[in-house]
Amino acid sequence: MQYMTTAIVVVDGIDLTMTSEASFSSSEQETIQSSTRFGIWPLFGISGHGGWSNKVSFSDSGKITVQQKSPVGNPVVLGVLVSPTSAIFS
């Protein structure tokens with residue numbers, strides 16, 4: 001085994017709003033909206049499951065706002081830290 005999990009980042013309840021100053025083309029917007037509907041972007045979470053909700057909107061200039069919410073009592077894994085096994089057992 002080359003890598004091992006050394007930490008897991010978990011939150012219980014989240015209300016997240018992200019904005020970007022970058023502009024996205026109409027085809028990029030479609031890809032983002034599709035990925036959000038399927039619960040794989042920007043955070044993994046299926047709408048309706050455990051109270052999870054996703055909302056993506058774009059300004060006229062193509063700038064994005066993403067809102068994701070999950071109520072307390074529904075832990076969400078935000079990330080996993082991995083390290084080389086050789087660094088752990090050296």
Side-chain angles (χ1 to χ4, degrees):
M1 184 180 320
Q2 293 182 351
Y3 297 92
M4 296 183 71
T5 299
T6 54
I8 299 175
V9 181
V10 179
V11 296
D12 187 14
I14 188 169
D15 187 346
L16 174 71
T17 301
M18 293 186 290
T19 58
S20 173
E21 289 299 312
S23 295
F24 294 89
S25 69
S26 58
S27 65
E28 290 171 322
Q29 290 179 27
E30 289 176 22
T31 300
I32 290 168
Q33 288 173 329
S34 175
S35 295
T36 301
R37 269 193 305 277
F38 289 112
I40 58 174
W41 191 91
L43 301 175
F44 180 80
I46 300 168
S47 285
H49 188 266
W52 188 261
S53 65
N54 298 317
K55 181 181 176 187
V56 175
S57 58
F58 294 91
S59 68
D60 291 339
S61 62
K63 295 178 181 178
I64 189 172
T65 298
V66 179
Q67 295 174 306
Q68 293 192 292
K69 297 180 183 181
S70 179
V72 172
N74 296 280
V76 176
V77 176
L78 291 184
V80 177
L81 303 176
V82 296
S83 298
T85 304
S86 60
I88 296 169
F89 296 107
S90 56

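In what follows, residues are counted from 1 in the order of the sequence shown.
- Of the possible polar contacts, none joining the Asp12 side chain to the Val76 backbone as a donor-acceptor pair under 3.5 Å is found.
- Considering every non-hydrogen atom in both Ser61 and Ser23, the closest pair reads O-OG, 3.0 Å.
- Note: the hydrophobic cluster containing Val9 also contains Trp52 (ILVMFWY, side chain heavy atoms under 4.5 Å, direct or indirect links).
- The main-chain N or O of Ile32 is found under 3.5 Å from a side-chain atom of Thr36 such that the two form a donor-acceptor pair.
- Remark: Gln68 CD to Met18 CE distance equals 5.5 Å, nearest 0.5 Å.
- Side-chain heavy atoms closer than 4.5 Å link hydrophobic residues (I, L, V, M, F, W, Y) into clusters, and following such links, possibly through other members, connects Val10 to Val80.
- Separating the CD atom in Gln67 from the CG atom in Asn54 is a distance of 10.5 Å, to the nearest 0.5 Å.
- Linking ILVMFWY residues whenever their side-chain heavy atoms come closer than 4.5 Å, directly or via other members, leaves Leu81 and Ile88 in distinct clusters.
- Residue Leu16 is grouped with residue Val66 when hydrophobic side chains (ILVMFWY) are merged at heavy-atom distances under 4.5 angstrom, including chains of intermediate members.
- Shown here for Pro71 and Gly51, the closest heavy-atom pair between the two residues is CD-O, 3.6 Å.
- Checked by atom type and distance alone, the side chain of Thr85 pairs as donor or acceptor with a backbone atom of Gln2 at under 3.5 Å.
- Note that CE of Met1 and OG of Ser86 are 13.0 Å apart. Values are rounded to the nearest 0.5 Å.
- Across all their heavy atoms, Phe24 and Ser20 have their closest contact at CE1-OG, 4.2 Å.
- To the nearest 0.5 angstrom, Ile64 atom CD1 is 8.0 Å from Gln33 atom CD.
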